[in-house]
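What follows is one structure encoded as structure tokens, with my remarks underneath.
Note that ligands are numbered from 1 as they come in the structure, with each ligand's atoms numbered from 1 the same way.
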Amino acid sequence: MSSLADLPIRDDLRGLTPYGAPELKVAVQLNVNENTHPIPEDVARSIIEALARELLSVNRYPDREFLALRDSLARYLGGGLTRDNVWAANGSNEILQQILQAFGGPGRSVLGFPPTYSMHPIIAAGTGTEWIAGVRDTEYEISPATAVDWIERTSPDLVFFCSPNNPTGTALSLETIAAAYNATPGIVVVDEAYAEFGHSEQPTALSLLEGRERLIVTRTMSKAFAFAGARLGYLAADPAISDALRLVRLPYHLSSLTQAAAVAALAHAPEMLAMVDDIKKQRDRIEVTLRELGYHPYPSASNFVLFGGVPDAHRLFEQLLERDIIIRDLGIEGHLRVSAGTEAETTAFLRAMSELTEAR
Ligand SMILES: *Cc1c(COP(=O)(O)O)cnc(C)c1O
């Protein structure tokens with residue numbers, strides 16, 4: 001038995017820790033922002049039928065260009081986008097990895113604004129891209145001036161935004177994205193994993209794509225679509241972006257089964273998204289109740305809430321775990337993050353919070 005330290009691993013990977021959200025079997029799992037509603041049974045049935053058909057030709061490699069899936073994704077996004085504007089991979093994490101393989105890498109850098117999605121710096125490290133940590137304004141906002149200032153001071157090859165931002169829930173203004181784009185000759189990525197949970201008056205960065213060939217908007221079926229286990233992420237951008245990613249993707253990276261399952265699910269988009277309104281209701285309920293209990297929840301445009309004002313965050317995390325409820329301790333002092341669950345799960349969390357707060 002040897003240990004990692006004994007292996008001739010790349011010097012820049014020495015001492016790093018892997019992504020490690022705990023995978024505990026707990027009754028109420030509100031820690032990784034999954035959609036906790038199962039998919040409707042009739043949708044499950046049509047996915048199974050599509051998979052059964054596909055299995056008969058699984059001796060062949062899949063469609064390397066996943067045309068039917070790109071058509072379905074473009075139709076879902078609307079706004080005049082076509083298959084040429086769309087690219088997909090096994091989760092939006094793989095999309096981000098392909099983007100950094102093509103546009104980042106050794107000698108290049110990516111600017112992000114922590115606290116943000118923990119995978120952004122990890123994927124940067126994996127691809128040998130230098131991670132530059134910008135600093136947000138108060139309440140986790142990023143003004144156009146702040147974004148431009150960081151870009152001018154650090155000249156990154158890529159800028160990563162996340163909107164609504166994980167773990168804070170903060171939505172980013174289109175003005176900030178447009179200003180950042182104008183300030184850099186590099187690639188600007190907006191990770192919109194939670195776009196479907198946004199407030200209807202907030203337009204998405206998709207509306208900025210026209211005429212901005214270095215702007216990439218990434219999305220996923222993992223959250224709103226309740227499809228985290230199937231692994232399907234995608235992007236919308238100028239068609240030349242897909243040409244760049246074709247240089248780094250592995251051939252046939254999307255299995256025929258993944259493609260078939262995603263196409264079948266997208267054909268039922270309204271039904272798959274029917275839970276989104278309820279999840280938003282639970283999110284708003286968490287915000288209101290936690291504020292009443294004296295905590296400081298941040299306004300969220302996603303399916304989770306970050307809240308501050310916790311005297312001992314790790315202790316509260318442990319006390320909830322003792323009650324079979326898991327939320328997320330991100331190591332931000334005095335803060336915890338909770339995903340909006342079903343009504344019953346959310347009630348269990350809020351009831352426990354109320355009891356633990358009173359007993360304090
Ligand atoms: C959950 C999440 C993703 C999703 O990743 P997948 O690989 O598509 O499951 C991407 N970005 C952010 C910010 C997330 O929180």
Side-chain angles (χ1 to χ4, degrees), residues 18-23 29-37 39 66 69 73 76-77 86-101 110 112-124 126-127 131 136 140 142 158-172 177 188-198 204-206 216-236 245 249 253-255 258-259 261-262 265-266 272 276 279 283 298 300-306 327-328 330 332 337-341:
Y19 178 82
E23 284 191 298
Q29 298 191 33
L30 304 175
N31 64 329
V32 286
N33 298 343
E34 290 154 335
N35 188 326
T36 65
H37 300 63
I39 66 173
F66 41 101
L69 175 58
L73 289 167
Y76 168 68
L77 290 177
V86 174
W87 185 253
N90 299 284
S92 52
N93 283 318
E94 189 179 53
I95 294 275
L96 296 171
Q97 184 178 54
Q98 291 179 350
I99 291 170
L100 286 179
Q101 285 177 314
V110 54
F113 292 87
T116 192
Y117 184 38
S118 60
M119 279 308 297
H120 288 173
I122 291 176
I123 297 171
T127 59
W131 170 256
R136 292 172 178 262
Y140 301 123
I142 309 171
L158 300 102
V159 182
F160 272 13
F161 290 119
C162 185
S163 179
N165 184 52
N166 179 8
T168 63
T170 324
L172 193 64
I177 299 164
V188 176
V189 176
V190 186
D191 182 337
E192 288 195 347
Y194 301 96
E196 287 91 346
F197 299 102
T204 94
L206 292 175
I216 303 174
V217 181
T218 65
R219 295 282 189 98
T220 180
M221 291 180 72
S222 292
K223 308 290 160 61
F225 257 89
F227 225 47
R231 310 305 301 129
L232 203 289
Y234 55 103
L235 65 74
L245 302 192
R249 63 89 174 265
H253 68 288
L254 274 181
S255 87
T258 302
Q259 294 184 38
L266 285 159
M272 291 289 278
V276 166
I279 294 167
R283 169 200 67 202
Y298 293 82
S300 173
S302 48
N303 68 340
F304 56 85
V305 177
L306 180 77
I327 66 170
R328 193 71 175 272
L330 298 140
I332 307 176
R337 188 194 72 190
V338 61
S339 314

For this session: Report all protein residues having a heavy-atom distance below 4.0 Å to some atom of ligand 1; order the list by chain, then number.
Result: G91, S92, N93, Y117, C162, N166, D191, A193, Y194, T220, S222, K223, R231
Exercise. Are M272 and I39 close enough, and set up right, to give a side chain to side chain contact (heavy atoms under 4.5 Å, CB included), and what steps lead you there?
Worked result: CA-CA 7 Å; M272 291 289 278; I39 66 173; 3.7 Å; yes
For this session: For residues F304 and F197, establish whether the separation of their ring centroids is below 6.0 Å.
Result: no
Problem set entry | Donor-acceptor side-chain pairing of N165 and T116 below 3.5 angstrom | yes
Exercise. Are the aromatic rings of H253 and F66 close, with centres under 6.0 Å apart?
Worked result: yes
For this session: Dump the intermediate steps for side-chain hydrogen bond (donor to acceptor under 3.5 Å, both in side chains) on R328 and N33, then the final yes or no.
Result: CA-CA 9 Å; R328 193 71 175 272; N33 298 343; over 6 Å; no
Problem set entry | Non-neighbouring partners of Y76 that pass ring-ring contact (aromatic ring centres under 6.0 Å, His included), sequence neighbours left out | F225
